[in-house]
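Have a look at the structure below, then the notes.
Values below: every heavy atom of this structure, side chains too, minus hydrogens, waters and symmetry copies.
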Amino acid sequence: MASSYITTISKKYPSFRDEPLKTVYRWLEGKRHDDGAEGLWRIHDTLYDFAEFIERHPGGPEWLRLTKGTDITEAFETHHITLRAEGLLAKYKVREATEPRAVRLTFRDDGFYRTLKRRVRDKLKDIDYGPAKRSKLIIDSMLAAAFGVAFLAIRLNSYALATVSGLFVCWTMISAHNFFHQRDNWRMMAFNLAFSSYREWRVSHAMSHHNFPNSILDLEISYFEPFLCWLPNPSIKSSVKRFASWLYGPLVYSFLFYGEFVKRLIETYETGKNTFFLDDLVTLILPTFMYMVGATSLWEVIKMWLFIVLVASFLFGLIGLNAAHHHPKAVHDGDQIPNDIMTIDLLFNQLKIADLHASHAHQLVHNK
């Protein structure tokens with residue numbers, strides 16, 4: 001697969017992509033092998049040492065801590081609209097990189113992407129921050145509803161209400177996704193409600209999917225292979241698997257959150273490096289609340305809580321994976337595009353435009 005698969009976005013096949021255990025830390029390790037960053041941080045063709053800047057990074061230290069030894073060009077370009085960050089680079093410059101970039105994407109000053117950024121930068125002073133306030137109100141309401149309905153479900157021993165609570169947990173986590181794109185804040189931790197980790201999804205979604213959407217560099221593509229295969233690669237995407245996935249896909253969605261937790265346990269055991277953090281205890285807040293207000297046995301609480309997680313996981317997969325990112329009409333790296341519709345170059349421009357819109361929205365809140 002690695003030797004024959006042709007990609008329009010990467011110059012070489014990503015290291016460790018096809019290993020059985022696919023995790024964010026293994027994806028980052030693959031980038032350290034491929035990016036030519038020499039243990040530092042690479043932006044375009046220059047290497048920087050941000051070690052002393054990590055704790056002072058306005059977006060939070062995790063972004064830089066996780067990406068040491070990798071090429072962060074796309075993340076740097078898409079998360080900094082103003083010139084402030086670019087003005088700081090000279091202070092941390094070490095030397096020029098010795099290897100060419102592994103990614104084909106460019107950010108020329110006269111190109112589309114930077115031209116659009118300049119135009120957006122001019123409009124920042126006129127931005128209405130009302131939507132940012134409404135976004136916070138939405139996630140707060142979803143979170144309150146998830147707990148409120150869970151209270152009723154455990155008190156009345158109603159799995160119908162537990163299903164509704166699972167729906168609100170799903171919506172809360174989807175809303176929290178907007179906040180883990182931003183500088184560190186407490187609302188991003190709501191993403192941890194059901195065995196997931198905002199820290200890891202910052203890598204798989206913000207750093208991987210948003211920068212390299214639906215390509216072989218997109219961890220959210222490789223995560224589910226060989227069960228769910230979205231790239232048109234005949235070596236793994238057989239006709240049988242294509243249609244069979246319609247049947248077992250819902251099972252994958254249902255156990256998505258549980259799978260995330262199991263993966264982290266396995267990785268921690270195999271590597272000896274702990275992948276759990278204090279904020280992972282957020283997962284236990286809902287069942288603890290249910291036990292405190294439910295006046296029932298601990299076993300009943302555990303069963304209903306696991307059911308709520310199952311519902312939330314299924315809906316999250318159905319909405320986030322199927323409908324939002326990998327609907328049959330969504331374009332993936334390697335798809336054949338009719339000549340009378342668009343060229344591959346235009347396609348990737350449009351993909352980058354879509355992610356730029358998302359990055360701009362997050363940055364507007366960040367700048368506030």
Side-chain angles (χ1 to χ4, degrees), residues 131 133-180 185-201 205 224 227-228 246-265 276-325:
K133 296 178 181 178
R134 288 193 291 274
S135 180
K136 293 178 181 178
L137 179 60
I138 289 172
I139 186 174
D140 294 348
S141 300
M142 295 296 102
L143 182 60
F147 276 77
V149 179
F151 164 75
L152 294 175
I154 197 65
R155 293 286 291 190
L156 301 175
N157 192 29
S158 170
Y159 277 80
L161 287 172
T163 300
V164 178
S165 179
L167 175 62
F168 280 114
V169 169
C170 169
W171 283 344
T172 299
M173 294 176 67
I174 290 175
S175 299
H177 142 266
N178 293 330
F179 292 88
F180 69 56
N185 61 89
W186 71 265
R187 287 181 177 86
M188 67 184 181
M189 295 186 185
F191 195 81
N192 293 22
L193 267 181
F195 288 121
S196 290
S197 166
Y198 80 84
R199 184 179 286 101
E200 295 199 356
W201 278 72
H205 195 72
F224 302 94
F227 304 105
L228 300 179
W246 296 356
L247 300 177
Y248 64 70
L251 289 177
V252 176
Y253 302 157
S254 299
F255 292 95
L256 171 62
F257 291 162
Y258 295 127
E260 289 292 292
F261 181 73
V262 171
K263 274 187 179 181
R264 296 172 71 189
L265 285 176
F276 293 90
F277 299 85
L278 186 61
D279 51 71
D280 288 308
L281 293 176
V282 170
T283 294
L284 301 178
I285 293 178
L286 182 57
T288 300
F289 168 78
M290 293 168 64
Y291 180 70
M292 293 176 63
V293 303
T296 187
S297 69
L298 178 60
W299 175 238
E300 290 301 321
V301 169
I302 291 175
K303 286 195 301 182
M304 184 169 287
W305 171 55
L306 292 178
F307 177 77
I308 288 174
V309 173
L310 188 76
V311 171
S313 181
F314 169 74
L315 293 172
F316 188 93
L318 185 67
I319 298 170
L321 293 183
N322 182 57
H325 293 94

Roughly how far, to the nearest 0.5 Å, is [atom2] of [Y] from [atom1] of [X]?
X      : Y      : atom1 : atom2 : result
Trp305 : Leu298 : CH2   : CG    : 10.5 Å
Met304 : Ser158 : CE    : OG    : 6.5 Å
Phe227 : Leu251 : CZ    : CG    : 11.5 Å
Leu310 : Leu315 : CG    : CG    : 9.5 Å
Glu200 : Asn192 : CD    : CG    : 9.5 Å
Ser313 : Leu306 : OG    : CG    : 12.0 Å

So do [Y] and [X] actually touch side chain to side chain, heavy atoms under 4.5 Å?
X      : Y      : value
Ile174 : Met142 : no
Lys303 : Glu300 : yes
Phe276 : Leu281 : no
Ser197 : Asp280 : yes

Which pairs, with at least one residue in residues 247-256 and sequence neighbours excluded, count as a salt bridge (charged side-chain N to carboxylate O under 4.0 Å, His left out)? none
Check step by step if side chain to side chain contact (heavy atoms under 4.5 Å, CB included) holds for Phe255 and Val262. CA-CA 10 Å; Phe255 292 95; Val262 171; over 6 Å; no
Please verify the inter-ring angle class for [X] with [Y]; under 30° counts as parallel, over 60° as perpendicular, anything in between as tilted.
X      : Y      : answer
His177 : Phe180 : perpendicular
Tyr253 : Phe314 : tilted
Phe191 : Phe316 : perpendicular

Decide if the gap between the ring center of Phe168 and the ring center of Trp171 is smaller than 6.0 angstrom. yes
Phe195/Phe261 aromatic ring centres below 6.0 Å: yes
Restricting to non-hydrogen atoms, name the atom on [X] and the atom on [Y] that form the minimum distance, rounded to 0.1 Å.
X      : Y      : result
Leu318 : Asn322 : O-CB, 3.2 Å
Val309 : Phe257 : O-CD1, 4.0 Å
Ala150 : Ile308 : CB-CD1, 4.4 Å
Ala190 : Ile139 : CB-CD1, 4.3 Å
Ser254 : Pro250 : OG-O, 2.8 Å
Val282 : Met189 : CG1-O, 3.5 Å

Under 3.5 Å donor-acceptor, Tyr198 side chain and Phe179 backbone: no
Spell out, as yes or no, whether a donor-acceptor pair under 3.5 Å connects the side chain of Ser165 to the backbone of Leu161. no
Looking at residues at least two apart in the chain, or sitting in another chain, which of them share a salt bridge (Lys or Arg N to Asp or Glu O under 4.0 Å) with Arg187? Asp140
Any chance OH of Tyr291 has more than 12 other-residue heavy atoms, nucleotides or ligands included, within less than 6.0 Å? no
So, using side-chain contact (heavy atoms from CB on, under 4.5 Å) as the criterion, who are the partners of Val252 when residues are at least two apart? Phe224, Leu228, Tyr248
